[in-house]
Number of protein chains: 2
Amino acid sequence: MDKSDYLNNVLTNNGYKSTIQRNLVYEILAENKDKHLSTEEVYDLIKDKNPNMGIATIYRTLQLFEEIGLVYKHNFDDGCSRYEIMAEDSNEIHQHHHLLCKICGDIIEVKEDLMNSLEEIIEKQYNFEILNHVVKFTGICSQCRNKENENGYRKET
Amino acid sequence: MDKSDYLNNVLTNNGYKSTIQRNLVYEILAENKDKHLSTEEVYDLIKDKNPNMGIATIYRTLQLFEEIGLVYKHNFDDGCSRYEIMAEDSNEIHQHHHLLCKICGDIIEVKEDLMNSLEEIIEKQYNFEILNHVVKFTGICSQCRNKENENGYRKET
DNA sequence: GTAGCTGCAAAAAATTTGCAATTGT
DNA sequence: ACAATTGCAAATTTTTTGCAGCTAC
């Protein structure tokens, strides 16, 4: 099955139409699998392919994509929402583990999914159907720790 | 040690002044330990005690409190930041586990902290100093699951 | 053909900022 | 005394909305 077929199936199955704009947004996200694009960034990237698209459409599209599970919406506290494409074969692959450095703002991805046992307990104990989860650790990254040790203690603005 | 002494110590130790406004914000947060107040909500609650306080001060104060670790800043994707007071004796108590229901929007708190082993691994493997973490599970709560079973399948606006 | 979608521009909502007056140490 | 803090109002930023025209089915 082709990438755009997948998108169009998901749209149709959820009662939405397949449009050039939605395909374009999906394309951009697919081309940036590894990134966390903001609405504005998607907008800028799309300009090359279709300069007429309004940013309101991007907002509406990304919102829709999140609703039907095509993308994951991140919040890194940088003043805007960021989106990441969800793997097509996703079911267990909804792992979004990040390390956010308070000092340099770096976002480090964590690979392992050690959350499965925790999920099981929650599903049973709270009778809560888990669709997705986010795990975020805030702290100080390796690089900044090293710098701290060089410079003595921190006090940044 | 008295509550306000604690606040004033933390402020002083971080090079900030103790002010009536900061004490008031802290007081409001302490009175609402169990809640997740937005800036606007803190502002409204403070009006009774000091009607002259501007909302910009609340924004600045909550930001400051987060920076020096007095509060935890939540994001529940409802369009604003929400704050929760951090326990004074916190060190291991930085557990913020929530279940967010996609349907009714309910926020359920999870008590257990099963994250400790995961933290240890991350600290070692990434040499990342963890200051805080947030674990959020999105899904469907018990109540909504039951309603779904009654009504057949969902399709909400 | 018609409901759904888009683009535009205006509106709304949340947060930030500049600056003069005030306050804490 | 003097730097930090506040209050106010204006500015900025992000996101939403209304609506006329366009498009997919």
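Letters A, B, ... are given to chains in the order of the sequence lines, protein chains preceding strands, and every chain is numbered from 1.
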Would you indicate which nucleotide in [options] comes nearest to any side-chain atom of [X]?
{"X": "A:Tyr59", "options": "D:dT15, D:dA9, C:dA14", "result": "D:dT15"}
{"X": "A:Ser81", "options": "C:dC19, C:dG7, D:dT15", "result": "D:dT15"}
{"X": "B:Arg60", "options": "D:dT6, D:dT14, C:dA9", "result": "D:dT6"}

*Aromatic rings B:His36 and B:Phe76: how do their planes relate, parallel, tilted or perpendicular, breaks at 30° and 60°?*
perpendicular
Taking atom [atom2] of [N] as reference, at what distance in whole Å does atom [atom1] of [X] sit?
{"X": "B:Asn23", "N": "D:dT5", "atom1": "CG", "atom2": "P", "answer": "13 Å"}
{"X": "B:Leu24", "N": "D:dT6", "atom1": "CG", "atom2": "P", "answer": "11 Å"}
{"X": "B:Phe65", "N": "D:dT5", "atom1": "CZ", "atom2": "P", "answer": "12 Å"}
{"X": "A:Ile55", "N": "C:dA11", "atom1": "CD1", "atom2": "P", "answer": "19 Å"}
{"X": "B:Ile58", "N": "C:dT16", "atom1": "CD1", "atom2": "P", "answer": "14 Å"}
{"X": "A:Leu11", "N": "C:dC5", "atom1": "CG", "atom2": "C1'", "answer": "12 Å"}
{"X": "A:Asn75", "N": "C:dT15", "atom1": "CG", "atom2": "P", "answer": "11 Å"}
{"X": "B:Asn14", "N": "D:dA4", "atom1": "CG", "atom2": "P", "answer": "15 Å"}

*Are B:Arg82 and B:Glu41 within salt-bridge range, i.e. N to O under 4.0 Å?*
yes
*How do B:Ala56 and B:Gly79 order along DNA chain C: which one's closest nucleotide is nearer the 5' end?*
B:Gly79
*In residues 39-53 of chain B, which residues come under 4.0 Å of DNA chain D by heavy atom?*
B:Asn52, B:Met53
*Looking only at heavy atoms, which two atoms of A:Asn32 and A:Leu45 are closest? And how far apart?*
ND2-CD1, 3.9 Å
*Heavy-atom closest pair, residues B:Met86 and B:Tyr72*: SD-CB, 4.1 Å
_Using a 3.5 Å distance criterion without hydrogens, assess whether the side chain of B:Gln63 forms a donor-acceptor pair with backbone atoms of B:Arg60._
no
*Does B:Lys17 offer a backbone N or O that forms a donor-acceptor pair with the side chain of B:Arg22 under 3.5 Å?*
yes
*Near-ring test B:His74/B:Tyr83, centroid separation under 6.0 angstrom*: no
*Got more than 12 heavy atoms from elsewhere within 6.0 Å of CD1, A:Ile20?*
no
Report, one pair per line, the protein and nucleotides 20-25 of chain C atoms (nitrogen or oxygen only) whose separation is under 3.5 Å.
{"unit_1": "C:dG24", "atom_1": "O3'", "unit_2": "B:Ser18", "atom_2": "O", "d": "3.3"}

_Determine whether B:Glu67 and B:Tyr16 satisfy the following criterion, side chain to side chain donor-acceptor pair (under 3.5 Å), listing intermediate values before the conclusion._
CA-CA 12 Å; B:Glu67 191 192 313; B:Tyr16 298 109; 3.1 Å; yes
